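Chain naming here is simple, since letters A, B, ... match the order of the sequence lines and numbering starts at 1 in each. Treat the numbers as computed from the prediction; the structure is a model and nothing was measured.
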Amino acid sequence: MSRTSASAATVEKDAEPQGSMSIEGVILDIDYAAINGKVVIRVTVKGLDGKTYDLMDDDFKPYFYFVPSGEADSDSILKMSTNDMGRKITPVKVEEDEKSFFGRPTKLFRVYMETPSDIPKFSSYMMRYGKCYEYDIPFSRRYGIDKDVTPLHVYRFSASKTPDYIKLNGMSFLNEIGELNLNTLWFDIEVYNPLEVPRENVDPIIMLSYKYVSGGKEGEGVITFKKIDRPFVEVVKDETALINRFVEIVNQHDIDVISGYNSANFDIRYMIARAKALGIDFNLSRGYGDTRIERHGLVDKVKIGGRVHVDMYLVIKFVSVVGAAEHLLKLNSYTLKNVYEAISDDKKISVEKKSIWKLWDGSIEDLELLAEYNLNDSYALMKVYNTFMPIMIELSRTTGNVLSDVSVSTTGQLVEYLLMRYARRYNEVIPNKPSEYEIEDRLKNPIIGAYVKTPDPGIYEHLAIFDFRGLYPSIIISHNIDPSTLCTDCKDYFESPTGARFDKNRKGISPMILELLINQRKEVKKAYKKDPNNIFLGSRSQALKITANSFYGYLGYARSRWYSRDCASSVTAWGRQYIAKTIEEAEKAGLKVIYGDTDSIVVLLGNKTDEEALAFMRAFNASLPGAMELELEDFFVRAVFVGKKHEKDPAGAKKKYAMLSTSGRIKIRGFELVRRDWSRIARDTQRNVLEAILKEGSAEKAANIVKEVVQRLRSGTVPLGELAISTQLRKSIDKYDSKSPELSAAKKAVEAGVKSKDEVEHAVISYVITSHGGSVSDKAELEEMAKDYDADYYINSQVMPAVMKILKELNYNEDELKNLGKQKKL
DNA sequence: GATAGCCGGGG
DNA sequence: GTGTACGGCTATC
């Protein structure tokens, strides 16, 4: 290492090193740039020497595969061309190749194009002459697949200096490491918001806080342009200077990872918009590239050239969905405050978002509070990052996705990339993404889940939930379940309870990868036991589990390249047999199973102790094959189950329950109304009803709460603030074809001169349904304009839908709750 | 019964 | 950008 890092360390930015270089480091990111009209892959490497390198591979060309339906040879394909806005698009090279396609040997042509963007254009033209494959794989991912490289593990890179850039000539795997010393910065902006929703072209960024670690040093600060007498505050001239100063700090500390909270959707987006409005450049990139926002499926992804952006809000949602964050189990809303307070003993400094602009316009004390709040947000973010990022890092290493992709991906996308890498390694054609038509078709025919036992709706006490998540991976492995092993005429096969057959003599890619993941996890767990403070081992174990557990979902995910109904339904069918066994064993141990489905059971402990329940779990686990493991999710004091199995949604039952854990927190699933487009009275009443049931165990008390609310509503005395419903208009009011209450309220406000058109554009409309008018929209008025309210609307369309989800299954009917409310009044 | 539109996080 | 969202819900037609 001394030789290589010594030579790497001599490479200064301004120096002109001669000849070849050898660099040891980890891959932070892979993207591409056009340099002198040439498409070049950039591998951003963090050297073990602490420096960062842009290594450019200019020898990698975009390509796709073509299987002609008739006769064709390389020369004839090379001569083909199509037009794109007057530009001729034609291959630059064509090679013959042979690959396996779902187990069948297939001859195909590899068609190279000049630029990545020509691939979709030319392949869609070629589809009229045959079948095309691998035309929908983003160029930088293609590179990662073909080079078979894993980010964040140590490689030795050989490179050489050219006049334009450092050229990457090759890389070889060296070793795995745990902790990465990445220069990391956490930040948060505050924005002037007199209309509540800040307007990008008008409302300035007034403060920006940051914390960083870089090269072992730490720092923090708040940048603003009003004088605030606090040691951490740096006062600059104006908003432009604030933005520029931030870019300067990022450069000065050579930041590798920039992290925010909801920063893709807000902070970075807002900074880009403000820079545009101010007419200044805003670019956080290092080396090539700009700072922009790309759509990445469900979420927006921030792309910063040469650096990694991580939006912790997306990370939090990810780890919550996959169940990798016990701290967050009971959260219904993932605000930074909620998340921070769930992982720490501190409270976060809290400020009402609506009044941030007032603090800015207020007293010296107000300004100081705002600055402290701003800095505290970056601090809280850093804590949240340090708690949850190790899992993301290990997921990157496990699946091969670059770090900036992990947190914006679903588990299905992570698994898909892993499968694509293995497909390439085993010379398998990567199947195409399904068409929208196919997706629709798949969605219409959902895979039958392994539904076992529906709960009788009601209130239960003293329970435990056990989670059985290793079940499906081990079923896939032990029966060699894979789209490529499905067979009708093979001799040796596993036959699933659905009748599907899986060839025993040809190993499928999914079972093979799963086996590797599970064996790795065994090793990691062993090492972790010896070194329990090593969070990287703990996180790696989690990452391996998350990845393994995602394979089944991927088989049945409608957008999957390797979707297979037969495979997915075979997995669940076999799963039913195992869960039945689990239930049987639990009951033998004296635990009543009130509910169970594909991968979890809820047991009534009765007079058994928690320790006895754990003893059952351990004994049962000992009887299972290695990969399978029943785990405890939590113990609960009380629970209300109201979910009901539905013909159309057999899994629906598991989604509707509320539980009070032994630690006193409430976990609500399936009927949350923690949304601003429900009135506070509906949200509060639902919450009060659940709390009455969970904390006092009484459905009657809950019903009385509803009756009182109905009575209060009828009496006309409920303050309008409790009745306001907030919905944001996403476009200007003239651009809607449809009618809706929020739109109607906004239009009336404009007509009455209460609001200008500008003020309601993209604004959150807070409205009340009044008693005047026909349809709901006719009755909608801005909260500040409303004089009364429509009690029937709030009873029938707000409170009742919210509470009946719970009380209906506890044998209360709507009329009873409403009529009794009336009687009481009489 | 189908369709349009919004929420989530942030300020 | 070798691209284009999820699942649930309401109001409207």
Side-chain angles (χ1 to χ4, degrees), chain A residues 32 62-64 113 115-124 132-143 188-200 203 205-207 260-270 292 294-301 303 311-314 316-317 321 332-339 351-357 360 373-374 377 408 410 412-413 432-433 436 439 443 557-559 649 655 670-678 725-731 736-744 764-765 769 775-777 780 797-798 801:
Chain A
Y32 67 95
Y63 68 88
F64 67 98
M113 306 299 294
T115 68
S117 57
D118 283 348
I119 298 278
K121 288 169 191 155
F122 194 65
S123 62
S124 74
C132 297
Y133 298 100
E134 307 195 12
Y135 53 83
D136 55 3
I137 301 165
F139 193 41
S140 57
R141 302 191 133 234
R142 170 92 267 172
Y143 187 81
D188 175 52
I189 64 170
E190 305 303 332
V191 169
Y192 194 66
N193 61 339
L195 297 183
E196 201 174 331
V197 179
R199 298 153 295 179
E200 293 180 339
D203 295 321
I205 298 165
I206 51 183
M207 258 179 214
Y261 201 82
N262 202 24
S263 43
N265 197 24
F266 184 69
D267 302 63
I268 296 282
R269 181 188 302 280
Y270 206 84
R292 61 172 190 270
E294 296 173 347
R295 296 201 74 84
H296 188 96
L298 174 67
V299 293
D300 289 324
K301 177 185 166 182
K303 174 89 182 78
D311 185 337
M312 281 312 292
Y313 169 59
L314 301 177
I316 292 304
K317 283 208 296 192
V321 166
N332 292 314
S333 166
Y334 300 109
T335 59
L336 179 56
K337 178 178 156 59
N338 286 352
V339 173
V351 151
E352 208 192 334
K353 300 228 186 279
K354 270 190 211 173
S355 50
I356 281 173
W357 67 283
W360 179 251
Y373 162 72
N374 186 208
D377 266 10
V408 293
T410 60
Q413 289 164 318
N432 293 331
K433 281 187 191 164
E436 287 304 314
I439 291 168
L443 288 172
Y557 167 55
R559 295 181 180 274
D649 179 19
K655 288 174 195 154
F671 31 61
E672 303 105 303
L673 297 180
V674 194
R675 298 167 45 135
R676 64 186 179 191
D677 58 351
W678 281 85
I725 299 165
S726 298
T727 306
Q728 184 168 20
L729 291 175
R730 300 289 183 164
K731 31 189 182 183
Y736 284 90
D737 298 324
S738 62
K739 217 173 142 183
S740 66
E742 60 274 18
L743 180 66
S744 154
V764 175
I765 306 298
I769 303 304
S775 70
V776 177
S777 290
S797 300
Q798 291 278 320

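Between A/Ser775 and C/dT12 there is a side-chain N or O to OP1 or OP2 distance below 4.0 Å. One finds a side-chain N or O of A/Lys433 lying less than 4.0 angstrom from the OP1 or OP2 phosphate oxygen of C/dT4.
Annotation: of the two residues near DNA chain B, A/Asp677 and A/Pro198, the 5′-most nearest-nucleotide partner is A/Asp677. Summary of the strand contacts: A/Asp737 and A/Val764 both lie near DNA chain B, and taking for each the nucleotide with the nearest heavy atom, the more 5' one is attributed to A/Asp737.
Within the nucleic acid shown, A/Tyr373 comes within 4.0 Å of sugar-phosphate atoms alone, with no base atom in reach, counting heavy atoms only. Looking at heavy-atom distances under 4.0 Å, A/Thr727 makes contact with sugar-phosphate atoms alone, never a base. A/Phe64 comes within contact range of no nucleotide atom at all, as no heavy-atom separation falls under 4.0 Å. Within 4.0 Å of A/Tyr143, counting heavy atoms only, lies no atom of the nucleic acid at all. Residue A/Val299 is classed as having no contact, given no heavy-atom separation below 4.0 Å to the nucleic acid.
For A/Trp678, the listed nucleotide lying nearest its side chain is C/dT10; candidates were C/dT10, C/dT2, B/dG9. Here the side chain of A/Arg295 is nearest to one of C/dG1, B/dG10, C/dA5, namely C/dA5. With B/dC7, C/dG3, C/dT12 as the choices, the nucleotide that has an atom nearest any side-chain atom of A/Gln728 turns out to be B/dC7. The side chain of A/Arg559 approaches C/dC6 more closely than any other nucleotide in the set C/dG3, C/dT12, C/dC6.
Taking A/Val197 as the reference, A/Gln728, A/Val764 meet the side chain to side chain contact (heavy atoms under 4.5 Å, CB included) condition, with sequence neighbours excluded.
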* Going through the distances and angles, do A/Glu134 and A/Arg142 end up as a salt bridge (charged side-chain N to carboxylate O under 4.0 Å, His left out)? -> CA-CA 9 Å; A/Glu134 307 195 12; A/Arg142 170 92 267 172; 2.8 Å; yes
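Here, B/dG9 and C/dC6 have their C1' atoms 16 Å apart, quoted to the whole Å.
The base of B/dG10 does not come close enough to the side chain of A/Asp267 for any donor and acceptor atom to sit less than 3.5 Å apart.
In this structure, the CZ atom of A/Phe139 is 14 Å from the P atom of C/dG1, given to the nearest Å. Atom pair A/Leu743:CG and C/dT12:P shows a separation of 11 Å (rounding to whole Å applied).
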